[in-house]
Amino acid sequence: MAYWLMKSEPDVFSIDDLANRPQKVEQWDGVRNYQARNFLRDQMKKGDSVLFYHSSCKTPAVVGIAEVIKEGYPDHTASNPESDYYDPKSTPDNPRWYMVDIRYVRHLEKPVTLSQMKANQSLINNELPLIQKGSRLSVMPITKEQWQIILSLE
DNA sequence: GCCAACGTTGGC
DNA sequence: GCCAACGTTGGC
């Protein structure tokens, strides 16, 4: 089983929104970055664990846990002209963008903040992608060690 | 294939 | 709101 970290802006979609969804499930649409797309399409597997991270907000932090319940499939928002995520270069025959479905597992007892993680020597030594300079990926793989260290901070 | 211009991300 | 870092676009 693999481990992932996924970013979301809480003003757009928060861990509470996920918890309040029917079945607690959300389609993770709107990813428009090739490296992240490749992870969604090729590597995320049913049963993988996800850290849910709030970005672009007052206190950026890991706030909860989710799991992958449906593996990569075409992101239909790319072919919807009404969608903010519409991409005319993506076609149903040759979809450019992919998404997965995730299901809420739980909130962290206490969010683990970005500043906490940046100050953690184990995470620095382990080169957690989130705290690398210039890291902008919205979907990133993390190791079991990184997963355990982050949860030990909760 | 290079690279300047532009757009986006996301912390601060 | 600022700006550094990064990704994409498109002319040449």
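Note on naming: letters A, B, ... go to the chains in the order of the sequence lines (proteins, then strands), and numbering restarts at 1 for each one.
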Between A:K133 and C:dA5, is there a side-chain N or O to OP1/OP2 distance below 4.0 Å? yes
Can you check the A:M117 CE to B:dG10 C1' distance for me, whole Å? 14 Å
Would you kindly give the CZ-to-P distance between A:R136 and B:dG7, to the nearest whole Å? 14 Å
Which residue, A:F52, A:Y73, A:Y98, forms the ring pair (Phe, Tyr, Trp, His ring centres under 6.0 Å) with A:W28? A:F52
Check A:R106 with A:E154, please: is the shortest side-chain N to carboxylate O separation under 4.0 Å? yes
Is the phosphate of B:dG10, meaning OP1 or OP2, less than 4.0 Å from a side-chain N or O of A:K7? yes
Mind checking if A:K118 touches a base, just sugar-phosphate, or nothing, with heavy atoms under 4.0 Å? sugar-phosphate
To the nearest Å, give me how far apart OH (A:Y34) and C1' (B:dT8) are. 15 Å
Between B:dG10 (C1') and A:E9 (CD): distance, integer Å: 8 Å
A:H54 NE2 to B:dC12 P, in whole Å, measures 17 Å
A:K46 NZ: over 12 foreign heavy atoms closer than 6.0 Å: no
Does A:Y53 put a side-chain nitrogen or oxygen below 4.0 Å from OP1 or OP2 of B:dG11? yes
Expressed as a whole number of angstroms, how long is the span from A:L130:CG to C:dC6:P? 14 Å
Tell me whether the count of non-hydrogen atoms from other residues, nucleotides or ligands lying under 6.0 Å of CG in A:D84 goes above 12. no
Interatomic distance, A:L128 CG vs B:dG11 P [rounded to whole Å]: 13 Å
Between P of C:dT8 and CZ of A:R96, the distance in whole Å: 10 Å
